[in-house]
Participant: 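Encoded as structure tokens, here's the structure I'll be asking about.
Every number for a ligand or one of its atoms is a count from 1 in the order of the listing. It should be emphasised that the depicted structure is a prediction, and the values quoted were computed from it without experimental measurement.
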Amino acid sequence: MELLAQRIRNLSESETLAMTRKSREMKERGIDVINLSIGEPDFNTPEEIKEAAKKAIDENKTHYPPVAGYPELKKAIAAKLKRDNDLDYTPDQIVVSAGAKHTIANTIICLVEPGDEVIIPAPYWVSYKEIIKLARGKSVIINTTADTDFKMTPEQLKAAITPKTKALIFSSPCNPTGSVYSKDELFAIAKVVAEHKNMFILSDEIYELINFECKHESIAQFDFIKDQVVTINGVSKGFAMTGWRLGYMAAPVWLAKACDKLQGQMTSATCSISQYAAMEAMRTDPKKSLPVRDMVFTFRKRRKLVLEVLKTISGIKTNMPKGAFYFFPDVSWYYGKKNEDKVIENASDLSMYLLEEAHVAVVPGDAFGNPDCIRISYAASIELLIEALNRIKKALAKLN
Ligand code: PMP
Ligand code: GLU
């Protein structure tokens, strides 16, 4: 352990992956665990995308691709950004990586100097803070509450900016809260950032297609800020392609070039077959794609069901998520309660209790910067969700 570099000793394990690992281990021991901890669509990749990948294998597309991605894929991404988001990017502004997580890591490593501050509105996705830590940057957290639908206000952002601020990173639709920023809200944020020319916005739009109530808005649409924005997206969520490992960024050319250089020394291009699959995904208009529309429709049905059941459980407070596929309920009412010798002090205790007592895996809110909440993923079938929520309800009823 002490032989490990300090940067790794300081790094926390991803809590989403840790809970999934724990539930997998319990399943291997024969325990019937329902895993609502991982954020991954429980759907299969659409057939046409799989066919494109099979064809790529048959055509021997098995050599090293250019580090930042095949030109055809970058062109297809640029066309997608125009078609769906009305954003004008050229292929040399695009870098394809092994998932949006990799894209975020590339961007942060290229931008953040030791001591630089990166603003993150909480609740936030688990990996932002840890990647910033790896770059020896400092995370500056803006706390938000259910009263503002867990969204930061421009005033909060303004107050958090210092001469050391290098970036702001956030996701919309948000993991874990499902909050979605409107065009007006993004405009107000863009106005604040535009006052600080050395500051960047890392706009994580990986849940773009899982949005139930409004049109997806990209902050790069405002021309006065576009040079300060890195648009981050990928195929994992919208096309149920988590295992293919493909994400991308669209950014100013100089930053795209830097990420290309970094990637060229660390990982090289992502898998050639995944790139051919992603070309098909990018050419698919999500508004016309049956598999994508079915998936979103199914998520919407589940969201309704989960909300109805959560409302019947005493002590749980939740908002209605507008996007992504998570609920992030406040469970702090249970803190201080116990079942025999098991005392619940915090979200981690409650999550462990639910895993052991109800055999349902969820993620403690601390990992997302809010210790009063837990994250429940509804990327599971209606039957499993009903069973899991019943088990949760029963286990919670035993706490007093
Ligand atoms: N951003 C957010 C908000 C996420 O929830 C995830 C989870 N997969 C990612 C980025 C990374 O996605 P991937 O690496 O699978 O493209
Ligand atoms: N992003 C997903 C989640 O939040 C997948 C797990 C991960 O990559 O952390 O659960």
Side-chain angles (χ1 to χ4, degrees), residues 11-24 35-43 45 69 77 95-108 120-132 150 168-181 201-211 216 230-250 259 263 267 270-271 274-275 277-278 281-282 299 321-328 351 361-370 373-380:
L11 191 71
S12 310
E13 182 180 7
S14 161
E15 196 74 43
T16 47
L17 301 182
M19 281 309 277
T20 297
R21 180 175 48 73
K22 277 180 203 146
S23 69
R24 201 176 281 149
N35 183 11
L36 304 184
S37 68
I38 187 86
E40 98 165 316
D42 55 319
F43 296 88
T45 302
I77 292 170
V95 178
V96 177
S97 305
K101 192 183 278 190
H102 185 200
T103 302
I104 294 165
N106 278 348
T107 313
I108 288 174
I120 321 178
Y124 46 74
W125 181 48
V126 281
S127 295
Y128 298 155
K129 226 173 129 185
E130 296 304 313
I131 298 171
I132 292 163
F150 290 114
L168 158 72
I169 181 166
F170 70 106
S171 60
S172 176
C174 174
N175 175 4
T177 62
S179 306
V180 176
Y181 283 83
I201 301 175
L202 276 50
S203 174
D204 181 349
E205 303 179 22
I206 190 86
Y207 292 95
E208 168 184 9
L209 299 183
I210 326 274
N211 181 343
H216 176 76
V230 184
T231 302
I232 295 159
N233 209 327
V235 294
S236 284
K237 314 290 171 172
F239 293 94
M241 291 177 70
T242 47
W244 298 79
R245 308 310 303 134
L246 193 135
Y248 58 87
M249 69 183 305
C259 289
Q263 198 162 285
T267 56
T270 195
C271 167
S274 299
Q275 293 201 40
M282 292 297 102
F299 276 135
K322 293 192 173 59
F325 36 69
Y326 310 103
F327 275 84
F328 198 59
S351 302
V362 298
V363 189
D366 319 48
F368 306 94
N370 187 324
C373 298
I374 56 171
R375 190 189 76 173
I376 302 174
S377 160
Y378 55 92

Participant: For A324 and P173, which heavy atoms make the closest approach, and how far apart are they?
Facilitator: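 Shortest heavy-atom contact: N-CB, 3.8 Å.
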Participant: Going by ring pair (Phe, Tyr, Trp, His ring centres under 6.0 Å), F368 matches just one of F150, W125, Y124, F328. Which one?
Facilitator: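 The residue from F150, W125, Y124, F328 that satisfies ring pair (Phe, Tyr, Trp, His ring centres under 6.0 Å) with F368 turns out to be F328.
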Participant: Going by the rule side-chain contact (heavy atoms from CB on, under 4.5 Å), which residues pair with L246 if we only count those two or more places apart in sequence or in a different chain?
Facilitator: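 Expected list: L73, V96, V235, T270, S274, Q275, A278.
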Participant: Which pairs of N or O atoms, one from ligand 1 and one from the protein, are separated by less than 3.5 Å, and what is the distance for each pair?
Facilitator:
{"from": "ligand 1", "atom 1": "1 (N)", "to": "D204", "atom 2": "OD2", "distance (Å)": "2.6"}
{"from": "ligand 1", "atom 1": "5 (O)", "to": "N175", "atom 2": "ND2", "distance (Å)": "2.6"}
{"from": "ligand 1", "atom 1": "5 (O)", "to": "Y207", "atom 2": "OH", "distance (Å)": "2.8"}
{"from": "ligand 1", "atom 1": "8 (N)", "to": "K237", "atom 2": "NZ", "distance (Å)": "2.8"}
{"from": "ligand 1", "atom 1": "14 (O)", "to": "A100", "atom 2": "N", "distance (Å)": "3.1"}
{"from": "ligand 1", "atom 1": "14 (O)", "to": "K101", "atom 2": "N", "distance (Å)": "3.0"}
{"from": "ligand 1", "atom 1": "14 (O)", "to": "R245", "atom 2": "NH2", "distance (Å)": "2.8"}
{"from": "ligand 1", "atom 1": "15 (O)", "to": "S236", "atom 2": "OG", "distance (Å)": "2.7"}
{"from": "ligand 1", "atom 1": "15 (O)", "to": "R245", "atom 2": "NH1", "distance (Å)": "2.9"}
{"from": "ligand 1", "atom 1": "16 (O)", "to": "A100", "atom 2": "N", "distance (Å)": "2.7"}
{"from": "ligand 1", "atom 1": "16 (O)", "to": "S236", "atom 2": "OG", "distance (Å)": "3.2"}

Participant: Nearest heavy-atom pair of I108 and I132: which atoms, and what distance?
Facilitator: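 Scanning both residues, the minimum pair turns out to be CD1-CG1, 3.8 Å.
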Participant: State whether a side-chain donor-acceptor pair under 3.5 Å links S97 with Q263.
Facilitator: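 The answer is yes; a qualifying pair exists.
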Participant: Which word best sums up how the rings of F325 and Y378 line up, parallel for under 30°, tilted for 30 to 60°, or perpendicular for over 60°?
Facilitator: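 Taking Y378 first and then F325, their aromatic rings stand perpendicular (interplane angle over 60°).
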Participant: Restricting to ring pair (Phe, Tyr, Trp, His ring centres under 6.0 Å), what partner residues turn up for W244, sequence neighbours left out?
Facilitator: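 Checked W244 against ring pair (Phe, Tyr, Trp, His ring centres under 6.0 Å); zero matches.
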Participant: Between the protein and ligand 2, are there any N or O atom pairs that come within less than 3.5 Å of each other, and if so, what are their names and distances?
Facilitator:
{"from": "ligand 2", "atom 1": "1 (N)", "to": "W125", "atom 2": "NE1", "distance (Å)": "3.3"}
{"from": "ligand 2", "atom 1": "1 (N)", "to": "K237", "atom 2": "NZ", "distance (Å)": "3.4"}
{"from": "ligand 2", "atom 1": "4 (O)", "to": "W125", "atom 2": "NE1", "distance (Å)": "3.1"}
{"from": "ligand 2", "atom 1": "4 (O)", "to": "N175", "atom 2": "ND2", "distance (Å)": "2.9"}
{"from": "ligand 2", "atom 1": "4 (O)", "to": "R375", "atom 2": "NH1", "distance (Å)": "2.9"}
{"from": "ligand 2", "atom 1": "8 (O)", "to": "K101", "atom 2": "NZ", "distance (Å)": "2.9"}
{"from": "ligand 2", "atom 1": "9 (O)", "to": "T16", "atom 2": "OG1", "distance (Å)": "2.7"}
{"from": "ligand 2", "atom 1": "10 (O)", "to": "G39", "atom 2": "N", "distance (Å)": "2.7"}
{"from": "ligand 2", "atom 1": "10 (O)", "to": "R375", "atom 2": "NH2", "distance (Å)": "2.8"}

Participant: Looking at side-chain heavy atoms only, is the closest gap between D204 and Y128 below 4.5 Å?
Facilitator: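 A side-chain contact under 4.5 Å exists here.
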Participant: Does any non-hydrogen side-chain atom of E15 lie less than 4.5 Å from one of P364?
Facilitator: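 When only atoms from C-beta onward are counted, E15 and P364 do touch, with a gap below 4.5 Å.
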